[in-house]
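In each ligand, atom 1 is the first atom listed, and ligand 1 is the first ligand listed. Keep in mind that the numbers below use all heavy atoms, side chains included, and drop hydrogens, waters and symmetry copies.
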Amino acid sequence: MAEALCTHIENDRPFLGICLGLQLLFDSSEENGPVNGLGLIPGVVGRFNSLNGFRVPHIGWNALQIAKDSEILDDIGDRHVYFVHSYRAMPSNDNKEWVSSTCNYGDDFIASIRRGNVHAVQFHPEKSGDVGLSVLRRFLNPKSQGSKKPTQGKASKLAKRVIACLDVRTNDKGDLVVTKGDQYDVREQTKENEVRNLGKPVELAGQYYQDGADEVSFLNITGFRDFPLGDLPMLQVLRHTSENVFVPLTVGGGIRDFTDANGRYYSSLEVASEYFRSGADKISIGSDAVYAAEEYIKTKVKTGKSSLEQISKVYGNQAVVVSIDPRRVYVQGPNDVQFKTIRVPKPGPNGEEYAWYQCTVNGGREGRSIGAYELAKVVEELGAGEILLNCIDCDGQGKGFDIDLIKLISDAVSIPVIASSGAGAVEHFSEVFMKTNASAALAAGIFHRKEVPIQSVKAHLLKEGIEVRI
Ligand code: 1PR
């Protein structure tokens, strides 16, 4: 399409490029390259530099500095928009006539360009909530939009994210429900022992979007058991949710290679592709990432065949989250295990002063011989773009995040870490952002049970001086 696109753009026909749609207008890109771009805008698209302490990929809600009137950005003002990328184009004298806004993440990079009817944005308007939808509306109906609206918000840098998580599974009646466990046990403590049912996935996701969630995650918690492509309701959930929810959607559970009863082989890439086509922005891999990391530690060879490597190669590592399900194991001293230990603030049941975090698979059912620290470092190397860090001990307890664990992991890797498990009050969110380098905090139970609304979490974080999207 290169020639057709160039002609279209040179004739000043309406054009809106999004993310790679902006990058391809430049001379070339270093991503999987160098590769040539369309060469309409001078400049090379290069990788963010993670050496100066900024986590790459740049994932989340960030602010724009408007450089010139671009019309489609008129409603944004100082509100956040959603970015997810590892490569960016830089402003220069040669391209300044194109640049309509920049964003700062370590350096100033190009957030949008505009010349006549030709627009392109590095951020994702389709994932930037109502302000993003206004960008699309202004592009589609340039004449019918009113003058600039007063702006609200005080965006200045990458905001900390608040994520709502929906653990989803089929209940005993065969309906797909949102459930929530205590330390991963999702069955009611009753005679019937039924799966706890906290609502319908599409409805709840829509509600959390309206309430201000910065992202919504679906974890198909029995995906390790059932084949996800056989689990069509999950794909339907994604399709219906993405019709009304304009923030990023992550989906996980059961992403692995699979051979069905008829002997048909499905690669994990096919499974992930189906999720992406149904509306997911990121996929999350749990058990299969543990097996891949164990193999890599044993052989020191990157085969390129693991689900993690395959999916991140095709879709980019910003699209691949690794979900870790660790459990705290107490030991007397750091030399008792070959894994990274921490000194615990409160001694263990037998007076132990140290602990390591053992990774598990199959929804916490099986402990493996690898620690969360070791796993996090290896999956970063294998292509993970983000880590969703759960903690079985804290899950559903409402006593706060496991700060020791989150600090350990967020200091060990240079990709973003999502803190998960244990949120019970707004103060737990400010604590995790103040004491660790987590980029986002995720909660489930307190939102499902309507104990703490998402807006209260954000109001509290703002009061504590922590930047969030409002
Ligand atoms: O191994 O690739 O099939 O992925 C399975 C996925 O399902 C993993 O991401 C795993 O974390 C998740 N999962 C499996 N079993 C359970 C379970 O609960 N029985 N859910 C489960 C884990 C963890 C959280 C939870 C937080 C916050 N849920 O993400 O939402 O702990 O809860 P809280 O705020 O109520 O404390 P694979």
Against S101, only a single residue in V81, L73, I110 fulfils side-chain contact (heavy atoms from CB on, under 4.5 Å); can you say which? L73

For atom 15 (N) of ligand 1, grab the closest protein heavy atom and report residue, atom and distance to one decimal in Å. G363 CA, 3.2 Å

As an exercise, identify every atom of ligand 1 less than 4.0 angstrom from a heavy atom of G445. 33 (P), 34 (O), 35 (O)

Is any N or O atom of N390, backbone or side chain, closer than 3.5 Å to an N or O atom of ligand 1? yes

Closer than 4.0 angstrom: is that true for some heavy atom of G252 and an atom of ligand 1? no

Which protein non-hydrogen atom lies closest to atom 25 (C) of ligand 1, naming both residue and atom, and how far is it? D395 OD1, 3.7 Å

In terms of residue, atom name and distance, what is the protein heavy atom nearest to atom 34 (O) of ligand 1? A444 N, 2.9 Å

For D257 and S268, which I'm curious about, is there any donor-acceptor pair between the side chains at under 3.5 Å? yes

G254 neighbourhood, listing ligand 1 atoms whose heavy-atom distance to it stays under 4.0 Å: 2 (O), 3 (O), 37 (P)

All heavy atoms of I255 vs all of S284, minimum pair found to be CD1-O, 4.0 Å

Name the orientation class of the two ring planes belonging to Y315 and F276 (parallel below 30°, tilted from 30 to 60°, perpendicular beyond 60°). tilted

Hey, does the side chain of T259 reach the backbone of R264 with a donor-acceptor pair shorter than 3.5 angstrom? no

Pick one of side chain, backbone, both or neither for how L219 approaches ligand 1, counting any non-hydrogen atom pair under 4.0 Å. side chain

Between the main-chain N or O of G253 and the side-chain N or O of N220, is there a donor-acceptor pair closer than 3.5 Å? no

Relative to atom 8 (C) of ligand 1, which among A164, G286, S323 owns the nearest non-hydrogen atom? S323

With a heavy-atom distance limit of 4.0 Å, tell me whether S420 approaches ligand 1 through its side chain, its backbone, both, or neither. side chain

Contact atoms of ligand 1, heavy-atom distance to C165 under 4.0 Å: 29 (O), 30 (O)

For atom 13 (N) of ligand 1, the protein heavy atom that lies nearest, with its residue and separation: I221 CG2, 3.5 Å

Under 3.5 Å between any N/O of D185 and any N/O of ligand 1: does that happen in this structure? no

Within 45° of the ring axis of Y105 and under 6.0 Å from its six-membered ring centre, is that where the NZ or CZ of R88 lies? no

Under the 3.5 angstrom rule, does the side chain of E270 hit a backbone N or O of S267 as a donor-acceptor pair? yes

Give the residue, atom name and distance (to 0.1 Å) of the protein heavy atom nearest atom 1 (O) of ligand 1. S287 OG, 2.6 Å

Could you check whether S307 and Q310, counting side-chain N and O atoms only, form a donor-acceptor pair closer than 3.5 Å? no

So is I285 polar-close to ligand 1, meaning N/O to N/O under 3.5 Å? no

Using the salt bridge (Lys or Arg N to Asp or Glu O under 4.0 Å) rule, collect all pairs that involve residues 461-470, keeping only residues at least two apart or in two chains. K157-E467, D214-R469

Show me the side-chain donor-acceptor pairs of residues 384-397 shorter than 3.5 Å, one per line, residues at least two apart or across chains.
{"unit_1": "E386", "atom_1": "OE1", "unit_2": "K282", "atom_2": "NZ", "d": "2.8"}
{"unit_1": "E386", "atom_1": "OE2", "unit_2": "R161", "atom_2": "NH1", "d": "2.9"}
{"unit_1": "E386", "atom_1": "OE2", "unit_2": "R161", "atom_2": "NH2", "d": "2.8"}
{"unit_1": "N390", "atom_1": "OD1", "unit_2": "S420", "atom_2": "OG", "d": "2.7"}
{"unit_1": "N390", "atom_1": "ND2", "unit_2": "S323", "atom_2": "OG", "d": "3.2"}
{"unit_1": "N390", "atom_1": "ND2", "unit_2": "I324", "atom_2": "O", "d": "3.2"}
{"unit_1": "N390", "atom_1": "ND2", "unit_2": "D325", "atom_2": "OD1", "d": "3.0"}
{"unit_1": "D393", "atom_1": "OD1", "unit_2": "R328", "atom_2": "N", "d": "2.9"}
{"unit_1": "D395", "atom_1": "OD1", "unit_2": "K180", "atom_2": "NZ", "d": "2.5"}
{"unit_1": "D395", "atom_1": "OD2", "unit_2": "K180", "atom_2": "NZ", "d": "3.3"}
{"unit_1": "D395", "atom_1": "OD2", "unit_2": "Q183", "atom_2": "N", "d": "3.3"}
{"unit_1": "D395", "atom_1": "OD2", "unit_2": "Y184", "atom_2": "N", "d": "2.9"}
{"unit_1": "Q397", "atom_1": "NE2", "unit_2": "D395", "atom_2": "O", "d": "3.0"}

Does K180 approach ligand 1 within less than 4.0 angstrom via side chain, backbone, both or neither, non-hydrogen atoms only? side chain

Atom 19 (N) of ligand 1 - nearest protein heavy atom and its distance: Y184 O, 2.8 Å

Would you say the side chains of E353 and Y330 form a donor-acceptor pair under 3.5 Å? no

Any N/O pair D167/ligand 1 closer than 3.5 Å: yes

Would you say ligand 1 has an N or O under 3.5 Å from any N or O of S284? no

At under 4.0 Å between heavy atoms, what of S421 touches ligand 1? The answer is both

Of all the atoms in ligand 1, which lie at a distance below 4.0 Å from a heavy atom belonging to A443? 34 (O)

Give yes or no for whether the N/O distance cutoff of 3.5 Å, strictly under, is met between D325 and ligand 1. yes

Check the angle between the aromatic planes of H58 and F83 and answer parallel, tilted or perpendicular using the 30° and 60° thresholds. tilted

Should one rank G396, A441, G253 by closest heavy-atom distance to atom 5 (C) of ligand 1, which comes out on top? G253

Aromatic ring pairing Y208/F447, orientation class (parallel under 30°, perpendicular over 60°, tilted between): tilted

